[in-house]
Amino acid sequence: MTKAITPPVPAPAAPEKQKFRLARYQDLALVPVIILLLVIGAVLSPIFLTPANLIAVLTQQSELSLLVLGQAMILIVGKMDLSLESTVGLAPALAVALIIPASAGGLDVGLAAWLALPLCILIGVAIGGLNGFLILKVGLSGFMVTLGMLTMLRGLQLAITEGKSLIDVPESFLYLGSTTWLGLPAAVWICIVCYAAGIFVLKYLRAGRSLYAIGGNSEAARAAGIRVDRVVWTVLIIGSVLAVIAGILMTGRLGSVAATQGEGMIFQVFAAAVIGGISLNGGKGTLFGALSGVLMLGLVEQILRLQGVSGFYIKASYGAVIILALIVTRFATGQKQE
Amino acid sequence: MSEFAAVARGVTKRFGQTLALDDVGIEVRAGESHALVGRNGAGKSTLVSVLTGMQVPDAGEVSFFGEPAPPVADRSAWRRHVACVYQKSTVVPDLSVAENLFINRQDLGGGLINWKRLRLQAAELLETYDVAVRPDALVSTLTVEQRQLVEIARALSIGSRFVILDEPTAQLDGPAIERLFDRMRSLQDKGVTFLFISHHLQEVYEVCQTVTVYRDARHVVTAPVAEMSKPDLIEAMTGEAGGLNVPSGDDRPSSAEEVLTVSSLSGDHFSDISLAATRGEVIGLAGSASSGKHEFAETVYGLRKPSAGSISVDGAAVRGGDVPAALRAGIGCVPRDRHHQGLVLDLSIAENATMSTAGGFVWPSAQRAAGSTAIASYDVKAAGPDQPVSDLSGGNQQKVVMARALAGDPSVLVLINPTAGVDVKSKESLLGVVDAQARRGKAAIVVSDELDDLRVCDRVLVLFHGRVVREFGRGWRDQELISAIEGME
Ligand SMILES: Nc1ncnc2c1ncn2[C@@H]1O[C@H](COP(=O)(O)OP(=O)(O)OP(=O)(O)O)[C@@H](O)[C@H]1O
Ligand SMILES: [Mg+2]
C-alpha cells in the first residue's frame with residue numbers, strides 16, 4: 001500500500017479515509033524516531049554522525065537483523081521460534097568441529113574445509129525442518145518445542161566443544177566476517193540483500209502474501225487454497241537458515257566460535273520485531289518495520305556506549321531502553337502491541 | 001463430461017461422538033441451482049466442507065463432472081473444481097479488500113503482484129455488487145454486510161463452474177439479496193452450477209430448481225422445487241407434520257409502565273432517536289444496512305458511546321458506552337456478529353452461556369448446570385455443556401448467544417438479528433422465547449429485516465439514514481413494510 005490511486009468507487013465516509021491514511025504510513029512510523037535518535041547522538045557526541053561510526057552501528061546490528069528477519073516472518077505466519085539464538089552458536093560450532101582435528105577441539109571427522117559453509121546451511125535446514133515437523137506434523141506447541149530446542153541445541157554445542165571456544169575457524173568464515181565490498185562490510189551487504197529479497201517477496205509474490213493470510217486467519221487461508229503447513233514449514237526453515245548465516249558472520253567477525261555464541265539474543269530479537277510493528281499474534285507487520293526496529297535498537301545501544309555507561313549498568317539500561325522504546329513506538333504508531 | 005456437476009455418495013463423517021453425516025449423498029445436476037436445507041446441525045456445512053476438500057470424510061466419495069475428487073493436499077486442484085462461500089467468515093481481517101478478493105491469486109496470473117492493477121480489478125468487482133468500500137480499506141474496518149459481500153464476490157469471481165453458497169443471505173439486507181440473486185441467475189445462464197444453503201425457504205423457491213433435505217445427518221428427500229410445497233419442505237426438515245407457527249403476540253397484555261426510555265440519542269450513523277418501551281412491549285427496528293439501526297441498538301447496550309442523549313432503565317440513567325453498566329441496569333443483548341462479539345469459540349457452551357452473569361467465583365457444577373439448562377431450553381443440538389462452541393453448527397451457536405443474553409434475567413432485551421442462521425423450527429421457538437419474556441413483563445427491541453422476526457413486535461420503527469421515518473402498529477402488510485425499509489415511498 002504505497003501509491004495513492006483515485007478511488008474508482010464512491011468516496012466513503014471521512015473517518016474511514018483517515019483511518020486508512022494512518023494505516024498506510026504505519027510502516028514509516030519509526031523513521032522520525034530514528035532521525036531523532038541520530039540528532040540526539042550527534043548532539044551528545046561529535047563523532048556520532050561520522051561514516052565510521054554509522055558503519056560500525058550497521059555492522060554490529062547485522063547479525064541481529066538477520067535473526068529479526070527470520071523471526072519476523074515466523075511471527076507473521078503466526079508462529080514463533082525461540083531456538084534461533086542457539087542455532088546461531090550450534091551450526092558454526094558443529095560444522096567447524098566436523099572439520100578440525102581433535103587436537104584443536106574438533107570431532108576428528110576431518111571433512112574438507114570448503115564444506116564449512118554448505119554444512120552450516122544444511123544444519124540450519126535440519127533444525128528448522130525438525131521444528132516444523134514437531135509443530136506441524138506431531139502437533140506440539142510451537143512455543144514449548146522451540147524453547148526445548150533452545151536448551152537442547154545449546155547443550156549440544158557445549159557437549160561437542162566441552163564448553164570451549166573453537167578458534168581454528170575456516171577461511172571462508174573469516175573472509176565473510178571481515179572483508180568489505182565497495183566500502184561496506186560484507187555482513188552489511190548480506191543483510192541488505194536478504195532484507196531486500198524478503199521485502200520484495202512479502203509484498204510482490206503470492207507466496208509471500210500467503211504468510212499474512214495464514215497468520216491472520218489460517219482457516220481462511222486454507223479455504224483460499226493456500227497450503228498452510230507447507231508455507232509455515234518453509235518459513236521455519238528459512239528462519240533457521242538466516243540464524244545460521246548470522247552465526248557464520250559472527251564467527252567470522254570474532255574469529256572464533258564461543259560456547260555462548262548467540263546466547264541471550266532472542267530477547268533483542270523479539271524486542272526489535274515488536275518495536276518494528278510485528279504482532280506476536282501473527283498476520284501483522286512488515287519487514288521494513290522490523291528493520292527499523294533493529295536500527296532503532298542499534299542507535300540506542302551506540303549512544304549508550306559512546307556515553308560511556310559503565311559495563312555494570314549497560315545491561316540494565318539496555319533492558320530499560322527496550323521497554324522505553326516499546327512505549328515510544330506504542331504512541332508513535334498509535335497502535336496497541338500484541 | 002457427466003450430467004452432474006458434483007456427486008457425493010455414501011459420505012459419513014463423525015466428530016467424536018457426534019455423527020455429523022450418516023451415509024448421505026447428493027447429486028447436483030450441471031447447470032442447476034440446487035438447494036440444501038435442513039435444521040441446525042443437520043450436517044449441511046459438514047457436507048460443504050467435504051465437497052470443498054476442507055475435511056476428509058470417514059467414508060464415501062466425491063466427484064466433479066464425473067472425475068473423482070483430487071487428494072486433500074492438492075488445494076489448487078480443489079479450487080479449480082469448486083468455489084465456496086463458507087458459513088464461517090473466511091476473510092483475513094488485517095489485509096485489504098482488494099487482496100482478500102484475490103487472495104492466493106494476487107498476481108492475476110502474472111507472477112509478480114501489480115498492486116495498482118489489483119486495486120483496479122477489485123474496484124470493478126466491488127462495483128458489480130454495489131459495495132461502497134475502497135479496495136485498499138482493511139477488511140477489519142468493514143461492516144458485517146460488506147464483509148459478506150466481499151466473500152460472495154470473491155467466490156463468484158474465481159470462475160469455477162460449481163459454486164457453493166452456505167447461508168450467504170443470513171447477514172444481508174433485502175436489496176443486497178436481490179443483487180446476489182440477479183448475479184446467480186446470470187451466472188447460471190452461463191452454465192454455472194450452484195449449491196445453495198439457506199434457512200429462508202422463500203429464497204429456495206426464488207432461485208433454485210431442485211431441493212435436497214437433510215435431517216439428523218441423513219438424507220431425507222431430493223425433489224424438484226416445484227413439487228415441494230413449503231409445508232412439505234418443513235415436514236421433511238422436522239419430521240413432523242404441521243406448518244410453522246410464529247407467535248404474533250396479538251393477545252399480549254399491554255402495560256403503561258415504562259421500562260426503557262431513550263431520549264434524543266445520537267451516535268455513530270444515527271441521530272436524535274427517542275423511544276420508550278413499556279413492560280411487555282416488543283419494538284421492532286427495521287431499515288437497510290446503512291440505516292443506523294444496528295449502531296443504535298449497540299449504543300443502547302453500551303457497545304458504542306453515544307454522542308448525545310440519554311438511556312434509562314426503570315427511571316435510572318445508564319452510563320453510555322459501558323457494557324457492564326448496561327448489564328447491571330438490566331439490559332441483555334444478542335450482538336450482531338456471533339463470531340466477533342457473541343462468543344468465545346474455544347470455550348464451552350456452559351462458559352459462554354454464563355459469561356455475562358458469572359460472579360467473582362465460578363462454581364463449575366453450577367456453570368455446567370446452567371449450560372445444560374441453556375441447551376434444553378433453547379433446543380441446542382450439542383453433545384453436552386462442556387462442548388466447545390466452535391464445534392456447534394452455526395444456528396446452534398446463535399442459540400447459545402441468545403442463552404447468554406437472557407442468562408441474567410434482564411428487564412430489557414436488545415436483540416440484533418436474533419434468528420440469523422437459525423432454522424425455521426428453532427426460529428419459532430426463539431421468537432416464542434421473546435414472546436414469553438414480554439408476557440413476563442420484559443421489554444424487547446428486535447433489530448431485524450426478517451418479517452418473521454418483526455411479526456412478534458407490537459410496533460415497528462423504520463429507520464432511514466439514521467432517523468426514524470415511519471412507525472407501523474400491528475397488522476402491517478409485508479409490501480408496505482418492505483418499501484418503507486428500502487426507502488421507496
Ligand atoms: N469440528 C467439529 N467438532 C465437533 N462437532 C462438530 C464439528 N463440526 C460440526 N460438528 C457437529 O456436527 C453436526 C453438524 O454440523 P453442521 O455444521 O454440518 O450443521 P448445519 O446443518 O450446517 O447447521 P446450521 O444450519 O446451524 O449451520 C452438529 O451437531 C455439530 O455440532
Ligand atoms: Mg451450517
Side-chain angles (χ1 to χ4, degrees), chain A residues 1-13 15-24 26 76-78 200-231 277-279 281-286 335 338, chain B residues 49 52-54 73-80 83-86 88-100 102-108 110-116 119-120 122-124 126-127 130-142 151 154-155 158 268-269 290:
Chain A
M1 279 175 230
T2 46
K3 272 174 283 170
I5 57 157
T6 35
V9 283
E16 197 175 332
K17 214 164 177 174
Q18 263 176 9
K19 209 175 208 166
F20 167 67
R21 287 274 133 81
L22 234 177
R24 181 192 288 176
Q26 207 87 70
I76 289 172
V77 86
F200 177 80
V201 168
L202 258 62
K203 180 144 176 114
Y204 291 102
L205 292 187
R206 212 153 56 124
R209 297 310 294 175
S210 69
L211 265 60
Y212 289 93
I214 295 170
N217 183 345
S218 69
E219 272 307 293
R222 221 159 78 80
I226 294 168
R227 295 169 192 227
V228 174
D229 281 4
R230 187 184 293 188
V231 173
I278 305 277
S279 159
N281 293 341
K284 257 190 252 176
T286 65
Q335 264 193 348
E338 284 150 352
Chain B
S49 61
T52 56
M54 293 296 277
D74 195 353
R75 291 296 314 152
S76 43
W78 280 94
R79 234 156 87 98
R80 274 196 300 281
C84 183
V85 173
Y86 294 93
K88 212 169 100 195
S89 162
T90 56
V91 283
V92 185
D94 293 317
L95 294 182
S96 71
V97 171
E99 192 162 3
N100 266 290
F102 293 95
I103 195 153
N104 206 27
R105 51 189 178 123
Q106 293 102 324
D107 50 7
L108 304 169
L112 278 195
I113 300 175
N114 180 339
W115 287 98
K116 197 160 174 176
R119 278 192 291 257
L120 285 175
E124 264 169 43
L126 290 170
E127 216 162 356
D130 229 358
V131 197
V133 294
R134 296 168 62 107
D136 42 10
L138 293 187
V139 164
S140 56
T141 65
L142 302 192
E151 302 210 30
R154 177 172 72 187
I158 291 174
D268 304 338
H269 301 109
S290 58

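Just so it is clear, the values below take in all heavy atoms, side chains as well, and ignore hydrogens, waters and symmetry mates. Order of the sequence lines sets the chain letters (A, B, ...), proteins ahead of strands, with each chain counted from 1.
Note that CZ of A:R227 is 5.0 Å distant from CG of B:D74, once rounded to the nearest 0.5 Å.
When all heavy atoms of B:L95 and A:Y212 are compared, the pair lying nearest together is CD2-CB, 3.7 Å. When all heavy atoms of B:W115 and A:R209 are compared, the pair lying nearest together is CH2-NE, 3.6 Å.
The contact between B:S89 and chain A is made entirely by backbone atoms, counting heavy-atom distances below 4.5 Å. Residue B:R154: no heavy atom, backbone or side chain, is found under 4.5 Å from chain A. Neither the backbone nor the side chain of B:A98 comes within less than 4.5 Å of any heavy atom in chain A. Contacts between B:N100 and chain A at a heavy-atom distance below 4.5 Å are absent for every atom of the residue.
Under the rule for a salt bridge (Lys or Arg N to Asp or Glu O under 4.0 Å), the partners of A:R206 that lie at least two apart in sequence or sit in another chain are B:D107. For B:R79, the salt bridge (Lys or Arg N to Asp or Glu O under 4.0 Å) criterion is met by no residue, not counting sequence neighbours.
Within 6.0 Å of CZ on A:R230 lie no more than 12 heavy atoms contributed by other residues, nucleotides or ligands.
Side-chain atoms of A:N217 do not come within 3.5 Å of backbone N or O of B:T90 as any donor-acceptor pair.
Here A:A213 is the residue among A:G216, A:S218, A:A221, A:A213 with the most heavy-atom pairs under 4.5 Å with chain B. With respect to chain A, the highest number of heavy-atom pairs below 4.5 Å among B:I103, B:N114, B:I158 belongs to B:I103.
Proximity of B:L112 to A:L205: side-chain heavy atoms (C-beta onward) are separated by under 4.5 Å at one or more points.
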